[in-house]
Amino acid sequence: MAHIRLDDKEIELSVGELCIGADDDAGVRFGAVPEKGNLAIITVDSRGSATVRRAASGVTVLVNSVALGAEPAPLLHGDRIEVAGRQLRFSDDRKAGSTVLVPAFRVSAAKAAAPDRARAATGGRLVSLVDGREYGVPASGIRIGRDAGCDVVVPGTDVSRQHAGVSVGPSGYVLRDFSANGVFVNGARIGDAQPLRRGDVIRVGAEEFRFYADEAPVEQERPAAAALATFEVVNEGPSKGMRFPVRTPLVHVGRGPHNDFVIDDDSVSDSHAKLQRRAAGWFVVDMDSTNGTYVAGHRVSGEHRLSDSVSVRFGGVKLEFRSEPASTGESSGGPRVIVGQKPPHPKRAPATRAIVAPRASQSAEPPASRAVPTAVWLAAAVLIGATVLFVLQDR
């Protein structure tokens, strides 16, 4: 069955014509609009197919932001009709049924996470490779699925109502998978999230979209600071066991992209909680979240001190918090000792010997030469004389 939704009102379409405009007999009646009479007509045939046309030649009717001509245009599940500044959403129950789980063996999933290819970018948009429609990605992001309320509607039994989303973060555009049958980028199934780069082809169900963005200059990456603490996902699912480092003493947690630690889950508030390190240790502070912050199974009211290896739950997402040991040690007034560069033991370290050049005394005299003893001279003379006498006698 086909429907038209205007604001919070849903109108069921039956076989025949439905007039939209300011007349009293209009099936969808607008009040306080400058245009008079009927402005658009939706026709449903016996097979349930629907079309929309202008009620008069001078009327402007937009379908997905494209103005209608003289000929009627077919309506597809999720189409947006704009008449006199009012927007209506067309939905077809035949395209919004239950999700059919697709066997995993149909498409091989990527085993390893894709490398971080995100770049600071603007002007993100998806262009359908089926009909050429273009969908801009605003700062708030977009949702993709078969539900008529999604920004990009993709019909099909293998498409979830809320199938995927594209969000905007500090480092660029990120594609997230909320579905049962998966989201594919360039033919490989992604994990929970994957950064997008210009030219990536995204497949949802049987439809493909090409991603475009205007890349901006990126500053040279700085080395990451050492982790002060970590969160590890405890919930069952593909993300179980994943660890997220906490590198600053103040961290905001929530679903919104402005947070330091973004948890994209409907049970988590936009600004859910904050984590703060003080002299007494780590504290978690609930920011009046809808579904609450829990520590070791108890809901936090205000702030709560965290012990090491304690379970923390934000809404329905459960994690384990671990405080990392300090990487430096300090002594009062002394130098810092870097862990890993162990100083020598004081008892084993060799004593340092000072090498001091002796200073010469100004009154000192040069050393006297040693005198040859007289006995030595006499002995030498006797020996020489004996030798001369021996030589003369031999002649």
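The backbone N or O of A273 lies less than 3.5 Å from no partner atom in the side chain of D286, so there is not a single donor-acceptor pair. Here the side chain of Y173 pairs no donor or acceptor atom with the backbone of A213 at under 3.5 angstrom. Between the side chain of N38 and the main chain of A40, no donor-acceptor pair closer than 3.5 Å is present. Remark: side-chain polar atoms of R197 are not paired, donor with acceptor, to backbone N or O of F211 under 3.5 angstrom. Side-chain atoms of R255 come within 3.5 Å of backbone N or O of V268 as a donor-acceptor pair. Judged purely by atom type and a 3.5 angstrom limit, R125 uses its side chain to pair as donor or acceptor with the backbone of G123.
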Pair I202, L175 - check side chain to side chain contact (heavy atoms under 4.5 Å, CB included), show working. CA-CA 9 Å; I202 303 166; L175 176 66; 3.9 Å; yes
Please evaluate residues L129 and V201 with respect to the criterion side chain to side chain contact (heavy atoms under 4.5 Å, CB included), reporting the C-alpha separation (whole Å), side-chain torsions for both, the decisive distance (0.1 Å), and the verdict. CA-CA 9 Å; L129 300 183; V201 176; 4.1 Å; yes
Using the side chain to side chain contact (heavy atoms under 4.5 Å, CB included) rule, take V183 and F178 through it: C-alpha gap first, then chi angles, then the decisive distance, then the call. CA-CA 9 Å; V183 179; F178 313 129; over 6 Å; no
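Distance check: E208 CD to N186 CG gives 9.5 Å after rounding to the nearest 0.5 Å. Taking CG of L126 as the start and CD of E207 as the end, the distance is 12.0 Å to the nearest 0.5 Å. F184 contributes atom CZ, which lies 8.5 Å from atom CG of D177 (distance to the nearest 0.5 angstrom). The SG atom of C150 sits 9.5 Å away from the CZ atom of R161 when rounded to the nearest 0.5 Å. Rounding to the nearest 0.5 Å gives a distance of 5.0 Å between CD1 of I142 and CD1 of I144. Taken to the nearest 0.5 Å, the CD1 atom of I81 stands 6.0 Å off from the CG atom of L88.
One finds a salt bridge joining D264 and R176 here, because a Lys/Arg side-chain nitrogen approaches an Asp/Glu carboxylate oxygen to under 4.0 Å.
T230 and R243 share a side-chain donor-acceptor pair at under 3.5 Å.
The stretch residues 266-277 participates, sequence neighbours left out, in these side chain to side chain donor-acceptor pair (under 3.5 Å) pairs: H258-S271, D265-S267, H272-S289, H272-T293, Q276-R278.
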Name each donor-acceptor pair under 3.5 Å that joins a side chain in residues 310-321 to protein atoms two or more places apart or in another chain, with its distance.
from, atom 1, to, atom 2, distance (Å)
R313, NH1, G315, O, 2.7
E320, OE2, R322, NE, 3.3
E320, OE2, R322, NH2, 3.0

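Annotation: side chain to side chain donor-acceptor pair (under 3.5 Å) contacts of E17 (sequence neighbours excluded): R53.
Scanning both residues, D158 and G205, for their nearest heavy atoms gives OD2-CA, 3.6 Å. Nearest approach of R54 to V61, heavy atoms of both residues: CG-CG2, 3.9 Å.
Checking each of W282, F261, F244 against F231 for a ring-ring contact (aromatic ring centres under 6.0 Å, His included) leaves exactly one that passes, namely F261.
V234 and V262 are members of different hydrophobic clusters when ILVMFWY side chains are connected at heavy-atom separations under 4.5 Å.
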